[in-house]
Amino acid sequence: MNDTPRGNRLHIGLFGRRNAGKSSLINAITGQETALVSDFPGTTTDPVYKAMELLPIGPVVFIDTAGLDDTGSLGELRIKKTLQVMDKTDIALMVFSAEYSDFDLEKKWCNELIKRNVPIVGVVNKIDERDIDITELEKNFDFPFIKVSADKRINIGKLKEMIQENAPFDFELSTLLGDILTPKSIVILVMPQDIQAPKNRLILPQVQTIRDILDNNCMALAVKETELRELLASLKRKPDLVITDSQVFNIVSKIVPEDVPLTSFSIIMSRYKGEVGVMAMGAKAIDELKPGDKVLIEEACTHHPLKNDIGRQKLPALLESKAGGKLDIEIKIGQDFPEDLTPYSLILHCGACMLNRKQMITRIIRATEQGIPITNYGMAFAHAQGILDRTTCMFTGKEENKQTAIKTM
C-alpha cells in the first residue's frame, strides 16, 4: 500500500510506428531496461506499463504501445489495444523516426488523440543515425517537438522537462474530501469485514479516504456496521460525515441521524474519478428498466468472485427486482469497454479505483454521447434505498458541470 496506485499516476502514452524507437525511449527516460528492444519490427505487442517517479511531476506510468502501422489480423488487434490506451492517456509522446519523410499516418493518430483532448509532445528519435530539420513538422502539427536519440541518450533530460511543461495539472483531483471538510471534523468510516473483505488489509478506496481525512487535519473513526450505533452514542458531538460501504446503506442510513451527512466510498470515487452529477442522474434510469433490457456491468479490476458477489449477484438481483423481471446482464472485467454502447439500457460501473480519471471520464463521455445512462455501484444501492439525494448532495453543489468537466479533460 506504500506505492502510488497506477490509477493515481499521470499516464504517459508512447505512440508511433513500429521500430520508431518507443521502447528504447522508455528505457532511456526510466534509466532501466524496462521494455524489450529489437531491430525486428513489431517487438511490442501488448501495451507495456512502467511506473516511476518523474520529478517534479511525481508518480507517473509510461505506456509502451504496438506500432500504429502494424499489419495483419493480429496487427489490427494490437492497434485496437493501442486505441484503448489513448482513452487513459493524460499526455502523449508521438514518436517520429528521422528515417521517414511521410507522416500522414502520424497525422491520423494525432487526430485520435486530439479528439480525446490529450496534449501531445512530438519526439523525433534516432537523430544519431539521421538528423532532420523539424521546421516542416512544426508547421504541420500543432504541438511542440524535440529531437532526441534514445540510443545515445541525447536530449532525454530536455524531453523530461517538456513532459512536465505540457502535462495537464488537473489529471486528478487534489483531494477526495478536503474541500467539504474543515479541520478537526469527525468522520466515521463504516467498513464491514465480511467474506468479501480482503484478509488482513483494507481495500484501496478505504485506504485513500483515511489518508485524505488525515491530510486535511480531520479525525477518522473506523467501525463495522454492528458497532456503529454504540460509537455514535459515545461521541460528545455528532460526526461531520459518515462514509459507509454501499452494501450496508440499508442498515447505516437508519442508524445515522438525518441531519448528519452520509455518503459511501463508491460515491466518493465517482466524484474523484469521474462525474458524480452525471452518475447520479444515471442511477435514476434504474426506474425505467423493463424485463429483457440489456444492462452492462463494468468491473475495472479482476478478482475471484465469492458468494453474494456484488457485481454478479447482488446488483443483478437488485436491478431485476426493480425491473420486475429478468434482464439481459452482461459483465465485463478489466480494461474492456465497448465502443458501441447503444445496445444497453444502462451501464453500471464499479468505483473505478483502478482506473485513472482520464479513462473514467472518457467512458462517461462515450456513454453520454450515445445517450446511454451510466451510474456506479454505490449510487445504485443509494437509489434503491431512496437516499440518493442525501448521499450525493454534499458533492453535486460543488463539482463542475458536465460540459466544463469534459472540456478540461
Side-chain angles (χ1 to χ4, degrees), residues 1-2 5 175-273 276 301 303 306-311 313-315 318 350-354 376-395:
M1 285 299 180
N2 292 326
T175 180
L176 277 74
L177 299 166
D179 58 332
I180 67 167
L181 296 175
T182 56
K184 310 303 181 185
S185 293
I186 296 175
V187 183
I188 293 179
L189 310 170
V190 184
M191 303 185 296
Q193 301 301 298
D194 54 20
I195 190 173
Q196 296 187 65
K199 186 177 181 180
N200 298 328
R201 62 184 177 89
L202 302 175
I203 61 174
L204 182 58
Q206 294 170 349
V207 173
Q208 290 176 319
T209 302
I210 292 171
R211 176 57 191 266
D212 196 67
I213 292 168
L214 297 177
D215 284 346
N216 287 282
N217 302 314
C218 298
M219 296 171 280
L221 300 174
V223 66
K224 294 190 294 184
E225 75 279 14
T226 48
E227 284 72 47
L228 175 60
R229 196 183 300 275
E230 184 177 352
L231 174 60
L232 287 170
S234 70
L235 296 177
K236 292 183 178 180
R237 64 180 173 92
K238 290 181 179 180
D240 300 284
L241 178 65
V242 175
I243 306 168
T244 181
D245 185 299
S246 304
Q247 298 179 74
V248 291
F249 261 145
N250 60 327
I251 298 173
V252 174
S253 63
K254 293 180 177 65
I255 297 174
V256 177
E258 286 285 342
D259 59 344
V260 174
L262 171 67
T263 190
S264 76
F265 295 101
S266 181
I267 290 174
I268 289 171
M269 294 307 293
S270 76
R271 178 206 192 204
Y272 187 59
K273 295 291 184 177
V276 67
C301 63
H303 65 273
L306 300 172
K307 184 179 179 181
N308 292 324
D309 183 81
I310 181 173
Q313 295 182 29
K314 288 186 178 180
L315 284 170
L318 171 65
C350 68
C353 62
M354 300 307 293
N376 83 346
Y377 291 4
M379 292 190 178
F381 281 120
H383 182 67
Q385 294 298 321
I387 57 173
L388 181 61
D389 290 341
R390 179 185 179 187
T391 56
T392 59
C393 63
M394 67 283 295
F395 300 133

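Any value given below was found using the heavy atoms of this structure, including those in side chains, with hydrogens, waters and symmetry copies removed. Throughout, numbering of the chain's residues begins at 1 and tracks the sequence.
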If we ignore hydrogens and angles and just use 3.5 Å, is the side chain of Asn216 paired with the main-chain N or O of Asp212 as donor and acceptor?
yes

Say you draw a straight line from CG of Leu235 to CD1 of Ile188; how long is it, rounded to the nearest 0.5 Å?
5.0 Å

Given side chains that start at C-beta, do those of Pro205 and Ile268 come closer than 4.5 Å, heavy atoms only?
no

Nearest heavy atoms of Cys350 and Asn376, plus distance in Å
O-CB, 3.9 Å

Are the side chain of Asp245 and the backbone of Pro192 linked by a donor-acceptor contact shorter than 3.5 Å?
no

Do the side chains of Phe381 and Val248 get nearer than 4.5 Å, heavy atoms only?
no

For a 4.5 angstrom cut-off between non-hydrogen side-chain atoms, does Leu232 reach Val260?
no

Report yes if some heavy atom in the side chain of Val256 is under 4.5 Å from a heavy atom in the side chain of Arg390; otherwise report no.
yes

Among Leu318, Asp389, Thr392, Leu388, find the one that has a side-chain contact (heavy atoms from CB on, under 4.5 Å) with His383.
Leu388

Is there a side-chain contact between Tyr377 and Lys314 in this structure, where contact means two heavy atoms from C-beta onward sitting under 4.5 Å apart?
no

To the nearest 0.5 Å, what is the distance between OG1 on Thr209 and CG on Leu241?
10.0 Å

Which atom pair, heavy atoms only, marks the closest approach of Ala222 to Met191?
CB-CE, 3.4 Å

Measuring from Lys254:NZ to Ile387:CD1, what's the distance to the nearest 0.5 Å?
8.5 Å

Supply the atom-to-atom distance Ser185 OG to Leu177 CG, rounded to the nearest 0.5 angstrom.
10.0 Å

Of all heavy-atom pairs between Met394 and Pro261, which one has the smallest distance, and what is that distance?
CE-CB, 3.9 Å

Does Ile251 reach the side chain of Val190, with side-chain heavy atoms less than 4.5 Å apart?
no

Does any non-hydrogen side-chain atom of Val223 lie less than 4.5 Å from one of Leu231?
yes

Shortest non-hydrogen contact from Ser270 to Ile267?
OG-O, 2.6 Å

In Å and rounded to the nearest 0.5 Å, what is the CZ to OG1 distance from Phe395 to Thr263?
4.5 Å

Measure the shortest side-chain to side-chain distance between Met354 and Leu204 over non-hydrogen atoms and say whether it is less than 4.5 angstrom.
yes

Separation between CE of Met379 and OG1 of Thr391, rounded to the nearest 0.5 Å
7.0 Å

Nearest heavy-atom contact between Ser264 and Ile243 is C-CG2, 3.7 Å

Nearest heavy-atom pair of Gly378 and Phe249: which atoms, and what distance?
O-CE1, 3.6 Å

